[in-house]
Amino acid sequence: MNLPNKLIKVFILFGCLFAETCYAQTNEPAAWIKQIHNRCRQMLLSDQTYATERGFILTDDIKYNTNAAGYLKAQSADGSWPDINYKDQTRGSWKPSWHLYRVLLLNRAYFKTHNQAYLAAAHKALHFWIRNDFHCENWWHNNINVPFAYSSAMLQIGDKADWQEMNYLNNVVTTRIPVHNPTGQNLIWQLDNEARVALIHNDYKAFAKAIAGMQDVITISTKEGIQPDYSFHQHGPMMQVGNYGLSFVNSLLFWMSVTAHTPLAFEQPRQQIVFDYCTEGLRWLIYKKEMDIPAIGRQLRINTGLKRGENLHELFELIKSFDKTLSCKTVIDGFADKNQSTCTMAGNKGFWASDYMVQLKKDHYMMSVKMHGPFVSRLEVATNAENLKGAFINDGLTLVQSSRKEYTNIPAVWNWTMLPGTTCDTTIDPGSKAALTSGNKGTFVGQVSDGHIGACAMAYERLNIKAHKSYFMVNDMLVALGAGITSPDNKNLVTTVDQSFHSGPIVKGNGWLWHDNKGYYFIDKDEQVKTRSEYRHSDWAGINRNGTENDAPVSGLVTTTYIGHNQNDSYAYIIKPDISLKQIKAKPAPDVKILANASDLQAISTATAVIAVFYEPGSLNASGTTIASNKPCMLICEKNKGKITGVWVSNPGRKKTSIELNIGGVKQTINMADDDMAGASVSVML
């Protein structure tokens, strides 16, 4: 495995941290806290990625435009830097905070070179900060970001800190660390800062309390944090896997490393929860090194998905040093590892707690759908000047990737009223108050999965548009059905099949279209299918107004395929990724049969499964087999040689109820849960 030099240093460092022979053994708290202090300081002075909180870097909110030598040369006499706007009040990328992160680089350079000029520059920078005591309108910077950076600088500088610097830490910074009713990652960040201050004072009791508090947060529940389906929630029932949820792992692995083989080491069951969250949750979000767009949430920046993929890969390399039994579970799509060359990764991952589903086949394709409804809040929009146009990103956004380049950095030039998989009036302003503050009022939103195939569906009711929408992921294809589509004016109402960067020729056949190694099939020959390619010119500031250099204008050729609803109230299409033009010409119709596409029932059948969405109690006939339910539900009926051999059922209503199924004359009553597993798929024995 060819690794960057920095990453090799990580493994050398952590190899020492995990080896008990690296440190003398003792039962004295004073000796243990000194050892832990030294470990933490050693890490903060290293060049490896855990020396700085990755969550701040992934968003580009912390800028390292040069190295320590450059900052030494550019520093003003008063300790400031002329390129930083110290009056800035941007809530996301708050420019004054860059100042403290530059101090971290100066400290590292000093202890590496012993050049007194670096130490003098660090002191000047710290005193400039102390004199001005900068504040941001966003509490997060004042209570979390600044205490993190300042306490880290104090840990680095050690006994070379002067009385003014320590006084500011003890009487100003420490008083701001407590957060009002913190939960999830916000609580972890508070405890992280408390742990750093405790180490500065070699306070074993306070440090132990902070570490114990972190471990208490490592649970699986429907509260903020890791969910039973291994997604992550913050700010209520809201999916936050790629931002708060990724920082959660970054923070905890730092302290798990620092405390390893000490009396304060994290309990093995707590460690396992973190590992499981990574292997059963986070790694399903990465395709060809890039994190899926809806998983990132509101923090859409240039190359943000790739940065998260790289970060997660680094986390997995670290996790493998903790647990060498994970083997293929640490494989992430797009990252080569000769020791795992035989590992495969394929299947369906239903994140029912977050209304999000992924179908992944390593090295071949990734499909995902993001919805929202009564149990899951939509992703944040217009928060801290981020995700300014993402009003419809939760409304069935469907991304089907093969090359991975289809959507890399496309948010800047997307038409946000024509997101793939959504049904929307194109005259609506996605940045309007009505769009940004409204949500889906439909009460039926759910999914069903057997781990290999799956489906998600929702009764959609928003901004006077109603529709019943379902998405079936089976046999390496996505089948999308829509019915009962109504609107006060259908003239501008469309369902967007795809909107991706243009790549190569567009070839049309009888009922199909091929572009960029994806096949698009249209079942209803009367559908008003249109395709257009156009150059788009925009900038990242249009969706993320944080004043970074990434706000420069961008452009790209974008191809959009959509179905108009001026004359019809339904749609049916299939997308098959990773297919050549030769293959689609040889077989212009996929092996799937649509059994129903109505407001009360949507269902499909293949040679191996029947998948049904019962919005209302009802029945259907599948090749002579009657399948009926007395309650709204979703079903996967697995078939073998034409016979149904297994059934999976879910309850989108998420209330305690009993569902009576009749499958081929065999009746079964299933008691559905209303606890933490409400909404999950249940296997039914026939």
Side-chain angles (χ1 to χ4, degrees), residues 9-46 48-54 148 151-152 155 184-185 187-220 225-226 245-280 282 314-327 329-330:
K9 292 178 182 179
V10 174
F11 301 145
I12 293 173
L13 173 62
F14 287 139
C16 179
L17 292 183
F18 300 146
E20 295 187 26
T21 55
C22 288
Y23 297 92
Q25 301 300 297
T26 176
N27 292 321
E28 293 297 324
W32 279 119
I33 197 67
K34 183 177 180 181
Q35 288 185 12
I36 294 171
H37 180 128
N38 290 340
R39 289 183 181 185
C40 183
R41 185 166 181 266
Q42 180 182 1
M43 243 194 290
L44 291 174
L45 288 172
S46 72
Q48 52 90 12
T49 56
Y50 290 86
T52 303
E53 225 295 339
R54 289 300 304 274
F148 173 90
S151 61
S152 296
L155 277 166
Q185 177 57 19
L187 178 53
I188 291 293
W189 273 320
Q190 174 181 307
L191 294 166
D192 181 300
N193 286 329
E194 290 175 356
R196 290 169 195 267
V197 172
L199 285 184
I200 292 170
H201 296 299
N202 287 315
D203 187 335
Y204 184 93
K205 185 176 180 180
F207 182 77
K209 182 180 179 181
I211 295 299
M214 291 185 204
Q215 297 199 65
D216 287 342
V217 182
I218 306 174
T219 60
I220 297 176
I226 300 175
L246 191 56
S247 292
F248 184 81
V249 180
N250 280 318
S251 298
L252 291 172
L253 282 179
F254 179 92
W255 291 110
M256 286 166 60
S257 304
V258 167
T259 59
H261 302 299
T262 75
L264 298 179
F266 281 58
E267 300 169 0
Q268 197 282 329
R270 305 285 187 174
Q271 294 186 33
Q272 193 61 51
I273 290 175
V274 175
F275 300 161
D276 289 345
Y277 167 56
C278 291
T279 60
E280 303 301 323
L282 284 171
E314 293 166 0
L315 290 174
F316 271 107
E317 294 301 327
L318 179 55
I319 287 172
K320 284 190 287 189
S321 66
F322 279 89
D323 189 343
K324 301 184 184 301
T325 67
L326 290 173
S327 186
K329 285 192 172 184
T330 58

Within a strict 4.5 Å, meaning less than it, do heavy atoms of the [X] and [Y] side chains meet?
X: Trp255; Y: Phe266; value: yes
X: Val249; Y: Phe275; value: no
X: Glu194; Y: Leu191; value: yes
X: Val274; Y: Ile319; value: no
X: Tyr204; Y: Pro263; value: yes

So, does [X] use its side chain to make a donor-acceptor pair with the main chain of [Y] at under 3.5 Å?
X: Ser251; Y: Phe248; result: no
X: Tyr277; Y: Gly245; result: yes
X: Arg39; Y: Ala260; result: yes
X: Arg270; Y: Gln215; result: yes

For this session: Of all the heavy-atom pairs spanning Thr219 and Asp216, show the shortest one and how long it is.
Result: CG2-O, 3.4 Å
For this session: Quick one: list whatever passes side-chain contact (heavy atoms from CB on, under 4.5 Å) with Asn202, sequence neighbours left out.
Result: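 Counting only residues at least two positions away or on another chain, Asn202 forms a side-chain contact (heavy atoms from CB on, under 4.5 Å) with Ile33, His37.
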Exercise. Among all residues two or more places apart in sequence or in another chain, which pass the side-chain contact (heavy atoms from CB on, under 4.5 Å) test with Ala206?
Worked result: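 With neighbours one apart ignored, the set is Ala198, Asp203.
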For this session: Applying side chain to side chain donor-acceptor pair (under 3.5 Å), name anything that partners Thr330, two or more places apart in sequence or on another chain.
Result: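 Residues passing side chain to side chain donor-acceptor pair (under 3.5 Å) with Thr330: Gln340.
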Problem set entry | Derivation of the side-chain contact (heavy atoms from CB on, under 4.5 Å) call for Ile218 and Met256 | CA-CA 12 Å; Ile218 306 174; Met256 286 166 60; 5.6 Å; no
